[in-house]
Amino acid sequence: MQTFATISALRSFLAPHRASGHTIGFVPTMGALHEGHLSLVRRAVADCDIAVVSIFVNPTQFGPTEDLARYPRDLEGDSRLCASAGAHARFAPEPREIYPEGFCTWVEQNDATARCLEGEHRPTHFRGVLTVCLKFFNIVQPNRAYFGQKDFQQALLVRRMARQLDLPTEVVTCPIIREADGLAMSSRNRYLDPAARKQAASLSRGLEKARAALAAGERSAAALTALIRAELLAAGPCEIDYIAIADPDTLAPVETVDRSAVALLAVRIATTRLIDNLLLTPPQP
Ligand code: PAF
């Protein structure tokens, strides 16, 4: 695997591949890689001739009181994992390479789909995500870019950006990878002490309870949300940012689950904010 820290060096590596007609797969990450990321890398390796992984803790997607300073960083460990998953190139630029002095161009989506849920609780988050993703897409010019379903709203907004800005990149969403007790893999799981780690399994348990209740005939979103809330609160003290049952294409709230929907939640356990989601399909009558 080749490693790059500058845009020009990465471009020089990719240009002959592109000229030879090789397809390029791209996996953007903030490092602290886990099996969820590696599933994306393996998918890119399987689907494309060249797989590029970026490792960049993007400062512009963190709010002023968020965890930018303590976000886990382990470039050497991450590089080994990327190589073992078959990546051909690792791109780990410094912040100045991506945001040179005077940087002032932003991608924003100004509708309810972007402003709800994560957008409501982290008002500048998606502006940072979309801007860095567009920059990376322009640098790498991938045929396909791979995102995890765990960040459901992120994947939706990035796909929409690609469509609305006529980017040639196909945005592929891959399934959530979970720990044995159901906890969705996340770099932030490293913050959890043993008690908080145990409690964190309540997120996926709550979502599974909602799925089971739907399968048993409960279609009221309020009732399904109440089940999830009860499961979260039974596990211990936590701060719930939101529990939502929403349309999977627009994230508009759903009252009755009579077609496909998605249940999404964000919860703070001790000092760690976790998100998760589950697609809900009502049983056919
Ligand atoms: O999902 C993430 O890790 C980040 O939001 C991303 C897509 C790498 C952009 O910084």
Side-chain angles (χ1 to χ4, degrees), residues 4 7 10 25-41 43-44 51-63 66-75 77-79 81-82 85 87 89-99 103 105-109 114 117-119 121-140 142 144-162 165 167 169-177 184-191 264 266 272-277:
F4 303 98
I7 295 168
L10 179 65
F26 175 51
V27 181
T29 83
M30 299 208 301
L33 300 182
H34 50 67
E35 270 306 310
H37 296 115
L38 298 179
S39 72
L40 306 180
V41 179
R43 176 79 189 272
V52 180
V53 180
S54 65
I55 296 176
F56 180 65
V57 182
N58 175 32
T60 64
Q61 69 188 74
F62 289 79
E66 293 183 359
D67 56 342
L68 173 62
R70 72 164 177 152
Y71 199 85
R73 289 163 169 88
D74 176 15
L75 190 53
D78 287 344
S79 298
L81 290 171
C82 284
R90 184 223 73 189
F91 179 48
E94 291 296 327
R96 267 279 166 262
E97 180 77 2
I98 299 301
Y99 299 110
F103 184 88
T105 305
W106 300 98
V107 181
E108 261 184 294
Q109 293 185 359
L117 306 175
E118 290 302 291
H121 291 270
R122 308 181 70 190
T124 58
H125 174 65
F126 286 127
R127 179 177 102 138
V129 168
L130 293 173
T131 302
V132 86
C133 283
L134 181 59
K135 283 184 64 86
F136 281 139
F137 287 4
N138 283 329
I139 293 164
V140 178
R144 298 189 192 92
Y146 297 84
F147 290 81
Q149 190 202 307
K150 205 206 90 205
D151 295 287
F152 190 93
Q153 191 174 12
Q154 166 174 279
L156 187 72
L157 300 190
V158 172
R159 178 172 302 105
R160 213 164 61 145
M161 172 183 76
L165 296 183
L167 305 181
T169 300
E170 179 193 348
V171 175
V172 181
T173 307
C174 300
I176 299 177
I177 307 295
M185 292 205 183
S186 162
S187 305
R188 291 188 168 97
N189 292 350
R190 297 184 187 199
Y191 299 150
L264 310 106
T272 307
R273 187 175 184 278
L274 299 170
I275 60 173
D276 199 354
N277 67 81

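One-based numbering, in listed order, for ligands and for the atoms of each. Model, not experiment: these values are computed from the prediction.
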- [ ] Of the side chain and backbone of Val158, name the one, both, or neither that has a heavy atom under 4.0 Å from an atom of ligand 1.
- [x] neither
- [ ] For Pro28, counting its heavy atoms only, list the atoms of ligand 1 lying under 4.0 Å from any of them.
- [x] 8 (C)
- [ ] Classify the angle between the aromatic ring planes of Tyr99 and Phe56 as parallel (below 30°), tilted (30 to 60°) or perpendicular (above 60°).
- [x] tilted
Task: Distance-only polar pair, side chains of Arg188 and Thr272, donor-acceptor under 3.5 Å - done: no
Task: Atom indices of ligand 1 within 4.0 angstrom of Val132 heavy atoms, with elements - done: 9 (C), 10 (O)
TODO: Kindly identify the option in Met30, His37, Gln154 whose heavy atom sits closest to atom 5 (O) of ligand 1.
DONE: Gln154
TODO: Quick one: list whatever passes side chain to side chain donor-acceptor pair (under 3.5 Å) with Gln153, sequence neighbours left out.
DONE: none
Open item on the list: Which of the numbered atoms in ligand 1 are under 4.0 angstrom from any heavy atom belonging to Asn58?
Closed with: 10 (O)
Task: For Thr29, atoms of ligand 1 separated by under 4.0 Å from a heavy atom - done: 8 (C)
Task: Taking atom 4 (C) of ligand 1 as the reference point, the nearest protein heavy atom with its distance - done: Gln61 NE2, 3.6 Å
Open item on the list: Glu66 and side-chain hydrogen bond (donor to acceptor under 3.5 Å, both in side chains): which single residue from Arg122, Gln61, His125 fits?
Closed with: Arg122
TODO: State whether Glu118 and Arg273 are salt-bridged, where the test is any N-O pair (Lys NZ or Arg NE/NH1/NH2 against Asp/Glu carboxylate O) under 4.0 Å.
DONE: yes
TODO: Just jot down the salt bridge (Lys or Arg N to Asp or Glu O under 4.0 Å) partners of Glu35, sequence neighbours excluded, or say none.
DONE: Arg42
